[in-house]
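Worksheet: the structure to be examined is printed underneath.
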Amino acid sequence: SKIKSTVQNKPEALLSVASGNSPLKIFEELIRMNLSEEIDFSNSNFVSLDEWIGLGINHSDSCVNVMDHYLFSQINLPTVNICFFDGESNDPMKECHRIDKFIASKGGIDFMLIGVGMNGHMGLNEPGVDPELYSHVIRIDEITKKVAQEKYFEQPVDLEKGITLGIRHIMESREITVIINGKHKAEICRKILQGEISN
């Protein structure tokens, strides 16, 4: 896999991966390769892609908790090498600066694995976002709210805002893999591949 080759070529690589349903099979393969010693994450670094404002490590459906459950807790990745947005912070903009500073300290993101939302979002960069932004706070689109509530949350959750790496982070990453799964994503996939480029 591309993650395997990235880490083999640069053990201290900085990676950012999506936490939705799309990458779960990839996480399973990474865990398998780690257990069989095909890949070593002991010097690797991971940075958050996004988080729901109001949710933190203690909320079972937060992005950081999902990542910890499905990947981080099952590989030999030191906790100190994980830098995630704190959705419960009283100062979300300070969180943006903290994440941007971490990325800069590592020389940028080496590899990103990102999905695409039903409205075309990547991370939580909703339609209409300024493509020049680095980490930022954004108001959650109604389509994202509806899909997230149905897919990820057993109880109703107030999903008004999110915090996310920006399009500029994505475009500056050294390598990017985008995954789009399912027939329900066919129309947005067509728009991405054949439609006009816009924010």
Side-chain angles (χ1 to χ4, degrees), residues 1-4 6-7 13-31 46-53 55 59-72 74-75 82-85 87 99 103 109-129 131 133-153 157 159 161-195 197-199:
S1 74
K2 290 183 181 293
I3 294 177
K4 179 181 177 180
T6 298
V7 173
L14 177 59
L15 305 104
S16 183
V17 297
S19 61
N21 289 339
S22 296
L24 292 182
K25 291 294 184 184
I26 295 172
F27 294 168
E28 290 177 9
E29 180 63 8
L30 291 175
I31 293 165
F46 279 79
V47 67
S48 183
L49 176 59
D50 52 27
E51 186 60 272
W52 310 103
I53 293 285
L55 304 190
H59 194 290
S60 62
D61 297 315
S62 67
C63 296
V64 64
N65 197 292
V66 169
M67 287 298 303
D68 184 65
H69 177 77
Y70 287 104
L71 182 63
F72 296 154
Q74 302 187 61
I75 59 176
I82 303 169
C83 187
F84 263 61
F85 290 117
I99 294 292
I103 293 170
I109 299 171
D110 294 291
F111 179 85
M112 292 191 79
L113 176 69
I114 52 179
V116 174
M118 288 297 291
N119 60 1
H121 74 220
M122 292 184 175
L124 282 174
N125 290 282
E126 302 284 27
V129 71
L133 292 176
Y134 284 112
S135 297
H136 60 100
V137 175
I138 193 162
R139 186 164 295 282
I140 303 298
D141 184 84
E142 290 302 318
I143 293 174
T144 303
K145 287 182 190 178
K146 183 176 185 296
V147 172
Q149 195 67 66
E150 291 173 355
K151 285 175 65 176
Y152 304 129
F153 301 100
V157 176
L159 302 175
K161 291 183 179 181
I163 187 167
T164 184
L165 297 187
I167 296 294
R168 195 164 176 184
H169 281 306
I170 296 171
M171 298 306 294
E172 290 180 0
S173 296
R174 293 180 180 87
E175 189 165 7
I176 308 163
T177 293
V178 179
I179 45 177
I180 306 177
N181 293 333
K183 292 180 180 178
H184 62 293
K185 295 279 182 77
E187 179 57 21
I188 194 62
C189 186
R190 183 192 65 78
K191 288 181 179 179
I192 290 169
L193 296 175
Q194 300 176 356
I197 296 174
S198 73
N199 62 347

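All heavy atoms count here, side chains included; hydrogens, waters and symmetry mates do not.
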Q.
Under the side chain to side chain donor-acceptor pair (under 3.5 Å) definition, can you give me all pairs with a residue in residues 176-187, not counting sequence neighbours?
A. Glu187-Arg190

Heavy-atom check, side chain of [X] versus side chain of [Y], under 4.5 Å:
| X | Y | answer |
| --- | --- | --- |
| Phe111 | Lys2 | yes |
| His69 | Val66 | no |
| Val178 | Met122 | yes |
| Cys83 | Ile99 | yes |
| Asp110 | Leu15 | no |
| Ser48 | Leu165 | no |
| Tyr70 | Leu24 | yes |

Q: Decide side chain to side chain contact (heavy atoms under 4.5 Å, CB included) for Leu30 and Leu71; before the verdict, give the C-alpha distance in whole Å, the side-chain angles of both, and the deciding distance to 0.1 Å.
A: CA-CA 8 Å; Leu30 291 175; Leu71 182 63; 4.2 Å; yes

Q. Are any of the side-chain nitrogens in Arg168 or Glu172 under 4.0 Å away from the carboxylate oxygens of its partner?
A. yes

(Q) Between Glu126 and Arg139, does any side-chain N to carboxylate O distance fall below 4.0 Å? (A) no

Could you state the interatomic distance from [atom1] ([X]) to [atom2] ([Y]), rounded to the nearest 0.5 Å?
| X | Y | atom1 | atom2 | answer |
| --- | --- | --- | --- | --- |
| Ile109 | Phe46 | CD1 | CZ | 12.0 Å |
| His169 | Ile103 | NE2 | CD1 | 4.0 Å |
| Leu113 | Ser19 | CG | OG | 10.5 Å |
| Ile114 | His121 | CD1 | NE2 | 10.5 Å |
| Ile163 | Trp52 | CD1 | CH2 | 13.0 Å |
| Phe84 | Leu49 | CZ | CG | 8.0 Å |

For [X] and [Y], which heavy atoms make the closest approach, and how far apart are they?
| X | Y | answer |
| --- | --- | --- |
| Thr6 | Ala13 | CG2-CB, 3.9 Å |
| Glu51 | Val64 | OE2-N, 3.1 Å |
| Gly166 | Asn125 | CA-OD1, 3.6 Å |
| Val129 | Asn199 | O-CB, 3.1 Å |

Q: List the steps and the verdict of side chain to side chain contact (heavy atoms under 4.5 Å, CB included) for Ile31 and Gln74.
A: CA-CA 6 Å; Ile31 293 165; Gln74 302 187 61; 3.8 Å; yes

Q | Residue pair Phe85, Cys63: steps toward the side chain to side chain contact (heavy atoms under 4.5 Å, CB included) verdict | A | CA-CA 9 Å; Phe85 290 117; Cys63 296; over 6 Å; no

Whether [X] side chain and [Y] backbone form a donor-acceptor pair below 3.5 Å:
| X | Y | value |
| --- | --- | --- |
| Thr144 | Ile140 | no |
| Ser173 | Met112 | no |
| Thr164 | Asp50 | no |
| Asn119 | Ile143 | no |

Q: Answer with yes or no after comparing the ring centroid distance for Phe72 and Phe27 against a 6.0 Å cut-off, counting only values under it.
A: no

